[in-house]
Amino acid sequence: MAGLAAGLLTGAGTARAAGTSGTEPGQGGATATIAGLKTYGAAVIRGAAQEQQIPAGLFEMSVEGGGTLQTYCIDIHTPTQQDARYRETPWSGTSLATNDNAGRIRWILHHSYPQVNDLAALAEKAGVRGRLTEQDAAAGTQVAIWRYSDDVDVEAVDPQAEQLADYLEKNARNQPEPRASLTLDPPAVSGRPGEKLGPVTVRTDAPSVTVAPLTGTATGEVRVVDQDGKPVTSATDGSRLYFDIPEDAPADSAELTVHASTTVPVGRAFASESRSQTQILAGSSESTVSATAAVSWSGQGAVPAVSARENCAKGGVDVTVTNPADTPFTIEVTGLKYTIAARESRTVTVPLSEDQAYDFTVSGPGGFAKRFTGHLDCRTRAAELGTTTQTLSDPSPTPVTTPDDTNLAATGASNATAWIAGSAITLVLLGGAGLLIARRRS
């Protein structure tokens with residue numbers, strides 16, 4: 001998902017504001033690069049026109065700052081892109097937002113490989129006849145997930161893997177979305193110099209987080225403090241952080257970043273910046289996570305606090321504007337004007353079509369302007385096509401290769417397999433005909 005502005009990228013789930021860098025404000029959690037399909041078997045997609053065999057199993061990702069993630073695919077017809085960069089993303093920013101079975105997928109993750117690594121016990125519970133290998137377990141788990149994530153007719157090739165997939169599909173129950181590994185709430189605050197702005201609340205499962213020095217401001221006297229005004233360098237879940245702005249500070253803005261080391265909760269979604277297939281977390285080592293929040297201040301005029309987040313349930317981008325002042329002000333978003341009352345927040349949705357790139361600016365009084373760019377990606381490839389398989393005329397984002405190939409287009413369905421098979425048969429027939437003609441001439 002590439003942003004329109006040069007040098008700006010966005011992950012599904014949070015629109016990027018122009019001029020920001022690093023982790024998106026409000027978009028907390030892990031950032032990782034996909035390393036490949038590591039433990040896998042084979043599966044067959046069945047359609048009215050053809051059958052298609054593809055690899056099915058467990059991916060690995062390398063976390064920025066340290067750590068490893070294990071994931072399964074939840075968009076069967078979209079291939080993975082080589083070295084694609086992913087961000088931890090709320091379900092609301094992915095196809096899971098409108099999938100009534102999203103909670104069943106999380107149940108499958110908790111009740112199968114690799115969360116359950118006693119394969120003999122898993123095989124017994126699932127009624128699997130024969131030995132269940134890691135490859136079988138990964139393939140069966142992936143197949144069961146695809147049946148709920150993509151509503152596709154797919155079966156595992158190995159009988160043991162297929163028995164596991166059937167067991168998981170039949171017994172899956174809805175579970176709630178897990179919370180993010182680390183966020184700051186709200187993602188943006190504003191106010192007047194001489195005031196303690198905030199609070200911004202830390203939300204995490206980590207035992208503690210490190211509060212980094214503020215960035216983006218030329219005013220070195222701005223500090224991050226607690227409720228009593230004491231400087232803060234570390235925090236825990238539920239900590240309320242404030243920004244201490246000197247009274248004589250000129251109008252400016254800054255970013256707060258916090259870091260932690262923790263295991264990312266199973267069931268968190270990971271969306272890419274390059275239209276690579278969406279993933280869902282199956283396991284995590286101790287990994288580095290981070291989150292940011294923005295703060296702005298001015299001695300006079302309106303000081304809106306603005307953030308944006310993709311909302312797949314509504315089919316657009318939610319823009320939230322907070323007015324911390326005692327007087328109302330008016331903002332403009334995509335040609336429409338909205339009045340924000342004093343001491344109130346308001347969220348408006350910018351409607352978008354699926355796969356639509358967006359680039360809009362929120363403008364307000366006193367020359368206020370904040371730009372957001374991104375690409376709305378809320379549906380699986382199968383939902384976009386209105387079918388569960390691709391035909392030979394359907395384009396593929398990237399060619400399909402073996403799982404060990406550096407192109408990594410491993411679990412995305414493609415027409416390449418059928419084309420290669422057809423070409424091979426044609427060459428065999430042509431070779432046989434050539435030999436027959438040569439013999440007759442002789």
Side-chain angles (χ1 to χ4, degrees), residues 1-2 10-13 34 37 43-50 52 54-59 71-81 84 86-106 108-109 141-155 165 168-169 172 174 177 267-282 310-316 352-357 374-391 394-398 400 408-415:
M1 288 162 280
T10 179
I34 198 160
L37 190 62
V44 174
I45 306 173
R46 305 193 186 282
Q50 64 180 15
Q52 193 172 1
I54 58 173
L58 198 61
F59 283 91
T71 61
Y72 287 106
C73 160
I74 53 172
D75 189 357
I76 190 172
H77 289 293
T78 300
T80 53
Q81 305 296 328
Y86 283 77
R87 281 198 177 98
E88 185 180 339
T89 304
W91 288 4
S92 61
T94 71
S95 59
L96 297 175
T98 54
N99 186 338
D100 293 337
N101 291 312
R104 297 179 188 272
I105 296 173
R106 189 185 178 203
I108 290 171
L109 293 166
T141 305
Q142 177 65 91
V143 166
I145 290 171
W146 275 334
R147 291 173 183 174
Y148 283 124
S149 65
D150 292 74
D151 192 25
V152 66
D153 184 3
V154 59
E155 293 182 2
L168 295 171
E169 179 188 15
N174 270 312
E177 177 182 4
R268 291 295 291 171
F270 279 79
S272 78
E273 300 171 341
S274 57
R275 198 61 174 88
S276 186
Q277 62 185 204
T278 305
Q279 304 278 315
I280 193 163
L281 188 72
E310 292 172 11
N311 186 332
C312 289
K314 292 184 179 179
L352 298 166
S353 301
E354 173 66 12
D355 278 335
Q356 179 180 346
H375 192 126
L376 193 71
D377 181 14
C378 290
R379 302 173 66 188
T380 64
R381 179 70 173 159
E384 290 180 57
L385 295 174
T387 179
T388 56
T389 58
Q390 289 179 296
T391 64
D394 289 325
S396 270
T398 60
V400 167
L408 280 181
T411 61
S414 166
N415 56 48

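Numbering starts at 1 and runs along the sequence shown.
Interatomic distance, CD1 of I76 versus CG of D151, reported as 11.5 Å (0.5 Å rounding). Here the OG atom belonging to S92 is positioned 6.5 Å from the CD atom belonging to E177, to the nearest 0.5 angstrom. Here the CG-OG1 distance, from L96 to T278, works out to 8.0 Å after rounding to the nearest 0.5 Å.
Under a 4.0 Å N-O distance rule, the pair E155/R46 qualifies as a salt bridge. Comment: D150 does not engage R381 in a salt bridge, judged by the lack of any side-chain N to carboxylate O separation of less than 4.0 angstrom.
At least one side-chain heavy atom of I108 sits under 4.5 Å from a side-chain heavy atom of Y148. Looking at Q279 and F59, their side chains come closer than 4.5 Å, going by heavy atoms from C-beta outward. A 4.5 Å side-chain heavy-atom check between L281 and F270 finds at least one atom pair inside the cut-off. Using a 4.5 Å cut-off on side-chain heavy atoms (C-beta onward), Q142 and C73 make contact. When side chains are defined from C-beta on, H77 does not count as touching T380, because their heavy atoms never get closer than 4.5 Å. Proximity of L168 to T141: side-chain heavy atoms (C-beta onward) are separated by under 4.5 Å at one or more points. R106 is not listed as a side-chain neighbour of I280, based on a closest heavy-atom distance of 4.5 Å or more.
The main-chain N or O of Q356 is never found under 3.5 Å from a side-chain atom of S353 such that the two would form a donor-acceptor pair. For the pair N101 (side chain) and R104 (backbone), a donor-acceptor distance under 3.5 Å is absent.
In terms of heavy-atom proximity, G93 sits nearest to C312 at C-SG, 3.5 Å. Scanning both residues, P55 and L37, for their nearest heavy atoms gives CB-CD2, 3.7 Å. Looking at every heavy atom in both residues, L109 comes nearest to G267 through CD1-CA, 3.9 Å.
By the salt bridge (Lys or Arg N to Asp or Glu O under 4.0 Å) test, R147 is found to be paired with E162, D166, E169, residues two or more places apart in sequence or in another chain being considered. Among residues two or more places apart in sequence or in another chain, the side-chain hydrogen bond (donor to acceptor under 3.5 Å, both in side chains) test is passed with N99 by none. Y86 meets the side-chain hydrogen bond (donor to acceptor under 3.5 Å, both in side chains) test with S276; sequence neighbours excluded. Taking S149 as the reference, I74, I105, I145, W146 meet the side-chain contact (heavy atoms from CB on, under 4.5 Å) condition, with sequence neighbours excluded. For the side-chain contact (heavy atoms from CB on, under 4.5 Å) test, residues two or more places apart in sequence or in another chain that qualify with E354 are D377, C378, R379, E384.
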Tell me, with the steps shown, if I45 and D153 meet side-chain contact (heavy atoms from CB on, under 4.5 Å).
-> CA-CA 6 Å; I45 306 173; D153 184 3; over 6 Å; no
Could you please spell out the steps behind the side-chain contact (heavy atoms from CB on, under 4.5 Å) verdict for N174 and D100?
-> CA-CA 9 Å; N174 270 312; D100 293 337; over 6 Å; no
